[in-house]
Amino acid sequence: MEYSFKEIEPRWQERWREDKTYRVEVDASRPKFYVLDMFPYPSGAGLHVGHPLGYIASDIYSRYKRLKGFNVLHPMGYDAFGLPAEQYAIQTGQHPAVTTEKNTARYREQLDKIGFSFDWDREVRTCDPAYYKWTQWAFLKMFAHYYDRAAQQAKPIEELVARFEQNGTEGVDAASTVELHFTAEEWNNKSEAEKEQVLQNYRLAFRADTMVNWCPKLGTVLANDEVKDGLSVRGGHPVEQKRMKQWLLRVTAYAQRMLDGLDNLEWSDSLKEIQRNWIGRSVGAQVFFDIVGNDKKLEIFTTRPDTIFGVTFMVIAPEHEMLSELTTAEQKEAVEAYIAEAKKRSERERMAETKRVSGVFTGSYAINPFTGREIPIYASDYVLSGYGTGAIMAVPAHDSRDWAFARHFGLEITPVVEGGNIEESSYDAKEGKMINSDFLTGMDVKEAIPMMFQEVEKRGLGKKLINYRLRDAIFSRQRYWGEPFPIYYKEDTAYPLAEEQLPLELPPIANFGPTEQGEPPLARAEGWCNEEGYPFELSTMPGFAGSSAYFLRYMDPKNNEALVSREANDYWRQVDLYVGGIEHATGHLMYSRFWNMFLYDLGYVCEEEPFRKLVNQGMIQGRSNFVYRVVGTNKFVSLGLKEQYETQEIHVDVNIVKNDILDLEAFKQWMPDFANAEFILEDGKYICGWAIEKMSKSMYNVVNPDYIVENYGADTLRMYEMFLGPLEQSKPWDTNGIDGVHKFLKRLWRLFYDRDGKYLVTEEQASEKELRTLHKTIKKVTEDIEHFSFNTSVAAFMICLNELDDCSKREILEPLVVLLAPFAPHICEELYHALGHTTSVCDATYPAFEEKYLTLSTFEYPVSINGKLRFKKEYDLNLDPASIQADVVNQPEAQKWIEGKTPKKVIVVKGKIINIVI
RNA sequence: GCGGAUAUGGUGUAAUUGGUAGCCACGACAGACUUAGGAUCUGUUGCCUCACGGCGUGGGGGUUCGAGUCCCUUUAUCCGCACCA
């Protein structure tokens with residue numbers, strides 16, 4: 001009987017579905033473990049072989065934990081709102097819900113074939129009203145709260161209103177868009193709309209008129225993490241800066257907590273570093289500079305207050321609100337020309353030309369508060385309006401950008417720190433002795449910085465301040481296929497829906513593009529207003545809204561009363577292991593931490609951080625194959641001979657190439673153009689060229705998991721994906737090599753059944769050697785799983801089989817099958833039952849290794865003498881190292897090399913003699 | 001420019017964490033069984049050399065009895081951030 005995966009795998013998948021083998025419930029008697037995958041966006045292209053990599057790893061870990069006695073929550077769902085379905089809808093008129101449903105079914109079919117242990121009863125879809133009710137609910141909560149910085153916590157907005165009514169802004173320390181000051185009287189005299197206007201400055205979900213990333217091609221605004229190099233991440237369309245009124249989430253309120261929280265997470269250092277950079281904390285000083293002939297002061301932010309004696313000019317951003325006021329009559333024309341030019345340049349150009357120096361003198365002067373000198377104020381786009389105060393004090397001697405600017409405009413460069421050669425470049429390092437700096441002169445930079453923080457405060461010039469690069473997240477999209485905002489408008493004032501009115505369902509429309517007036521598609525919806533006729537918000541929520549709390553919903557997916565019940569949350573708490581791509585570092589992984597912290601502040605969840613341990617699987621790249629057409633003919637020349645001809649390189653479908661050898665018949669049938677192809681072969685074969693590229697349809701290098709399952713089985717696919725290399729490393733998919741893993745499973749099968757289907761397993765006692773092999777394997781595999789080193793654990797199974805040498809003893813095979821079950825569940829389930837069990841291998845007991853089998857016997861070790869002699873001898877581990885030394889020295893073999901001399905030194909490491917020095 | 005990661009046979013990789021470099025596979029070569037093989041099994045396979053032996057973990061240097069592993073330096077590739085004051 002042959003190993004027939006085609007028969008075995010569907011049979012067990014069916015059985016698992018019927019028996020609900022993977023259903024999981026709260027069970028206080030057992031320890032819990034929560035393993036989560038990043039849920040997929042169901043795209044029309046279906047899964048390729050790279051998508052399941054992380055899912056397979058997490059599935060192995062889930063199954064392993066289950067065998068170890070944990071109650072494992074391992075759910076799956078779909079991130080179903082999104083751009084591609086909507087773009088498709090605009091082109092075809094087909095409703096995104098229909099496309100999404102179709103794609104989801106296809107995904108499910110593909111996932112099922114791989115044999116995952118998901119509890120599908122807990123499936124969530126972000127586009128399901130019963131699900132997005134809770135996305136809208138969280139939004140309403142954010143709308144109804146502000147962030148109290150003193151208490152480091154979100155609090156109800158009513159508490160803030162009460163404080164305003166009592167004392168105005170006096171004593172209020174709240175996260176806000178701009179710092180406001182008013183008295184209780186002023187507050188109480190405001191109209192309802194005016195009060196709301198003020199509150200928008202504090203709400204955690206708020207509407208503001210800000211500079212946003214506007215993508216004209218997509219017709220929507222985008223968050224910072226959705227833009228890269230001035231292009232939209234989805235589609236690669238140009239993005240411009242535009243002032244618009246948009247909904248935002250005040251994620252900046254949580255900047256410090258998100259930064260601090262990283263320290264206690266088991267995430268990779270590189271991922272933590274990306275988040276730290278994205279938050280971008282910097283400690284500096286706010287300093288106010290007097291302006292000549294103006295009562296107002298110019299506020300700047302600097303991290304180098306120590307260099308203040310070297311300030312020779314000031315620079316403000318072209319968008320700075322004081323620019324027109326600072327511009328003198330003589331400079332008006334030049335400044336306006338500069339602003340006009342700066343506006344014309346796209347964000348992309350501006351970023352590409354960072355070396356270009358441009359700017360304009362405003363005509364005004366500021367006064368250096370320490371030297372009393374008058375210094376010119378310039379405007380330049382190298383100063384960003386969005387960071388700090390949009391104004392800087394320029395220290396050309398110690399900042400390379402200021403240096404370039406000073407050189408360009410012929411401004412003075414005064415060194416204040418010793419070091420470097422300021423004729424050639426600025427000296428930016430934060431080390432050295434201070435010079436030309438009055439009372440700082442002679443000090444070290446490291447002493448001068450804290451000294452100046454004090455001095456600035458003492459003189460009333462400003463104060464120490466912490467700045468973050470993190471921006472509030474733009475939360476509205478001018479799109480259809482997303483969660484509607486539970487918001488309606490009276491005049492221009494936003495009002496929340498009552499919780500009881502949720503979910504506010506997406507209305508049906510027929511045309512999915514923006515209106516002629518440029519309004520979002522929801523403007524086309526009939527009766528898109530509340531009972532009183534007040535219109536609802538026309539934008540919808542962004543993609544990250546639905547994925548920000550889905551891990552909580554899995555804990556209690558059918559609850560209609562709460563996002564997650566207290567009972568379920570208290571049990572499952574947080575995700576113990578999260579597996580997914582690093583591309584979500586500054587998007588989803590930031591937003592869901594924010595979202596979770598907010599719910600934590602409100603007492604809805606019991607853990608501040610959502611994901612305790614996170615593993616980033618690497619990307620699977622494609623491995624493309626090429627054929628070489630002789631130019632102007634229909635002849636194709638094999639790789640080794642192509643230098644003799646003038647050839648054209650053509651991508652060929654990797655599925656008709658094996659081990660880089662082209663299947664000639666399949667090639668002829670592949671495309672009509674090649675039906676009459678002729679070949680110039682080498683050794684009777686056509687050898688293709690290859691290259692590592694992104695896996696994509698246009699490169700014909702997409703390998704479909706169904707294809708692998710069809711030809712080798714799910715168990716082979718699972719093991720081969722793990723065998724390919726370390727989980728976290730990016731690597732190309734190469735179907736060559738899959739035979740090795742497949743052969744392993746066939747050999748395992750052979751230990752149970754011979755060719756004629758005769759059952760071979762015996763009750764015979766295992767030998768010492770066999771037991772050693774088994775226990776060595778258990779130890780190795782267990783350790784490797786714990787370290788997510790699945791490639792080496794697969795190798796360990798292969799070594800085990802090599803060493804076992806056709807052993808068909810139950811004593812060995814039964815533990816082995818359980819050990820292998822997380823990797824190859826179908827065949828192991830089959831073999832486990834063949835051993836006489838009637839329950840699932842998922843409920844077996846994980847085999848423990850016994851140390852005695854590993855340590856009882858003697859072991860081999862090497863000895864080298866002066867790096868020359870190498871010989872082996874077996875010793876008992878329990879022997880005293882000293883006696884081993886004596887023994888080795890006295891051995892004739894060793895003596896021959898020592899040649900009668902007394903060794904100077906015998907080096908023993910962990911009871912092993914490593915070297916003898918004569 | 002700043003930050004992070006990686007570099008080992010023809011290929012994917014491994015290395016008890018400072019201790020015989022190349023485990024486990026793929027591929028290749030040879031053989032066995034076969035009508036046949038893209039099945040199965042056995043053997044060989046880092047490089048140079050008939051061999052003895054020598055060389056070998058991107059390059060150069062260092063620490064050490066001993067370095068793929070630690071330190072310095074350099075090159076290449078990938079990733080993240082990018083006028084962040």
Side-chain angles (χ1 to χ4, degrees), chain A residues 2 228-229 268-278 280-282 284-285 300-304 307 315 317 350-351 353-357 380-384 386-395 398-402 404-405 428 467-470 582-583 585-586 618-619 621 623 658-661 663 690 720 723-726 728-741 743-744 746-747 750 755 780 783 789 791-802 860-867 870-872 904-910 912-918:
Chain A
E2 293 299 325
K228 212 191 142 186
D229 300 330
S268 71
D269 289 339
S270 63
L271 179 54
K272 286 186 185 180
E273 207 50 39
I274 291 172
Q275 289 212 342
R276 284 193 191 105
N277 286 338
W278 191 257
R281 181 185 201 261
S282 64
I300 60 99
F301 174 76
T302 180
T303 54
R304 294 293 301 275
T307 61
V315 187
R350 190 170 154 169
M351 283 197 297
E353 300 168 9
T354 53
K355 293 224 162 54
R356 193 179 99 164
V357 178
S380 170
D381 66 2
Y382 86 86
V383 174
L384 306 176
Y387 185 78
T389 61
I392 61 156
M393 60 177 219
V395 186
H398 306 292
D399 183 287
S400 56
R401 296 152 304 178
D402 297 345
F405 194 85
D428 296 9
N467 240 310
Y468 299 93
R469 191 158 63 207
L470 186 70
I582 199 156
E583 66 272 16
T586 55
M619 279 253 295
Q621 296 138 306
R623 186 179 187 278
K658 188 164 185 191
N659 291 331
D660 293 335
I661 296 164
D663 181 333
W690 61 272
Y720 187 56
F723 186 66
L724 223 42
E728 305 193 62
Q729 189 177 303
S730 283
K731 58 236 164 196
W733 175 268
D734 184 356
T735 308
N736 301 339
I738 197 167
D739 285 339
V741 173
K743 218 180 281 178
F744 163 80
K746 284 202 268 193
R747 283 175 63 196
R750 265 295 150 265
R755 254 164 250 277
K780 173 78 175 149
E783 283 170 0
S789 178
N791 55 328
T792 52
S793 40
V794 173
F797 280 116
M798 294 183 177
I799 295 168
C800 177
L801 223 55
N802 287 346
E860 294 182 351
Y861 69 91
V863 175
S864 76
I865 298 178
N866 287 354
R870 291 165 181 170
F871 65 93
K872 291 175 181 178
K904 277 187 205 151
K905 203 170 169 188
V906 180
I907 297 140
V908 184
V909 177
K910 294 175 196 163
K912 290 199 275 185
I913 295 166
I914 295 309
N915 206 348
I916 297 174
V917 184
I918 299 164

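As a basis for the values below, the full set of heavy atoms in this structure was taken, side chains included, without hydrogen atoms, waters or symmetry mates. Naming: A, B, ... by sequence-line order, numbering from 1 per chain.
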[X] [atom1] to [N] [atom2], straight-line distance once rounded to whole Å:
| X | N | atom1 | atom2 | answer |
| --- | --- | --- | --- | --- |
| A/Ile392 | B/rA85 | CD1 | P | 11 Å |
| A/Glu728 | B/rU6 | CD | P | 11 Å |
| A/Ile274 | B/rG4 | CD1 | P | 12 Å |
| A/Glu273 | B/rC81 | CD | P | 13 Å |
| A/Trp733 | B/rC26 | CH2 | P | 15 Å |
| A/Ile738 | B/rG27 | CD1 | C1' | 16 Å |
| A/Arg276 | B/rA82 | CZ | C1' | 19 Å |
| A/Gln729 | B/rC79 | CD | P | 14 Å |

If the condition is salt bridge (charged side-chain N to carboxylate O under 4.0 Å, His left out), which residues does [X] pass it with, not counting sequence neighbours?
| X | answer |
| --- | --- |
| A/Arg623 | A/Asp660, A/Asp734 |
| A/Glu273 | A/Arg276 |
| A/Lys780 | A/Asp784 |
| A/Glu583 | none |

Please give the nucleotide sitting opposite [N] as a Watson-Crick or G-U wobble pair, both distances under 3.5 Å, or none.
| N | answer |
| --- | --- |
| B/rG27 | B/rU45 |
| B/rA14 | none |
| B/rC50 | none |
| B/rU57 | none |
| B/rG68 | none |
| B/rC81 | B/rG1 |
| B/rU40 | B/rA32 |
| B/rA7 | B/rU75 |

Selection from [options] that lies nearest to any side-chain heavy atom of [X]:
| X | options | value |
| --- | --- | --- |
| A/Pro726 | B/rA85, B/rA25, B/rA14 | B/rA14 |
| A/Trp278 | B/rC81, B/rC83, B/rA85 | B/rC81 |
| A/Phe723 | B/rC83, B/rA14, B/rA25 | B/rA25 |
| A/Asn791 | B/rA85, B/rA14, B/rC24 | B/rA14 |
| A/Asn802 | B/rG80, B/rC83, B/rC24 | B/rC24 |
| A/Ser282 | B/rA14, B/rA85, B/rC24 | B/rA85 |
| A/Thr792 | B/rG80, B/rC83, B/rA15 | B/rA15 |
| A/Asn736 | B/rC81, B/rC26, B/rA85 | B/rC26 |

With rounding to the closest Å, how many angstrom separate the [atom1] atoms on [N] and [M]?
| N | M | atom1 | answer |
| --- | --- | --- | --- |
| B/rG1 | B/rU74 | P | 13 Å |
| B/rA21 | B/rG56 | C1' | 9 Å |
| B/rG10 | B/rU49 | P | 15 Å |
| B/rA5 | B/rC72 | P | 13 Å |
| B/rG62 | B/rA25 | P | 40 Å |
| B/rA14 | B/rG58 | P | 14 Å |
| B/rG68 | B/rC50 | C1' | 32 Å |
| B/rU63 | B/rA15 | C1' | 22 Å |

Task: Side chain to side chain, A/Asp399 and A/Ile392, heavy atoms closer than 4.5 Å - done: no

Open item on the list: So A/Tyr720 and A/Trp733, do their side chains get closer than 4.5 Å, heavy atoms only?
Closed with: yes

TODO: Find which nucleotide of RNA chain B each of A/Thr389 and A/Ala795 is nearest to by heavy atoms, and output the residue with the more 5' nucleotide.
DONE: A/Ala795

Open item on the list: If you assign each of A/Val794 and A/Lys731 to its closest nucleotide in RNA chain B, which residue comes earlier from the 5' end?
Closed with: A/Lys731

How long is the span from the [atom1] atom in [X] to the [atom2] atom in [Y], to the nearest 0.5 Å?
| X | Y | atom1 | atom2 | value |
| --- | --- | --- | --- | --- |
| A/Phe744 | A/Leu801 | CZ | CG | 5.5 Å |
| A/Ile274 | A/Ser268 | CD1 | OG | 7.5 Å |
| A/Phe797 | A/Asn802 | CZ | CG | 13.5 Å |
| A/Ile582 | A/Leu271 | CD1 | CG | 5.0 Å |

Please tabulate the protein-to-nucleotide N/O contacts below 3.5 Å involving nucleotides 37-44 of chain B, giving atom names and distances.
unit_1	atom_1	unit_2	atom_2	d
B/rU40	OP1	A/Lys746	NZ	3.3

Task: Torsion-based syn/anti label for B/rG10, 90° from 0 as limit - done: anti

Open item on the list: Does B/rU42 count as syn, meaning its glycosidic angle lies within 90° of 0, or as anti?
Closed with: anti

- [ ] Test side chain to side chain contact (heavy atoms under 4.5 Å, CB included) on A/Thr307 and A/Met393 and set out the steps.
- [x] CA-CA 10 Å; A/Thr307 61; A/Met393 60 177 219; 3.9 Å; yes

Open item on the list: Can you see if the side chain of A/Tyr387 gets near the phosphate of B/rA85 - specifically, an N or O under 4.0 Å from OP1 or OP2?
Closed with: yes

Task: side chain to side chain contact (heavy atoms under 4.5 Å, CB included) assessment of A/Arg750 paired with A/Glu2 - done: CA-CA 8 Å; A/Arg750 265 295 150 265; A/Glu2 293 299 325; 3.0 Å; yes

Open item on the list: Does the plane of the ring in A/Tyr382 sit parallel, tilted or perpendicular to the ring in A/Phe405? Use 30° and 60° as the thresholds.
Closed with: tilted

Listing time: all N or O pairs from protein to nucleotides 33-35 of chain B that are below 3.5 Å?
none

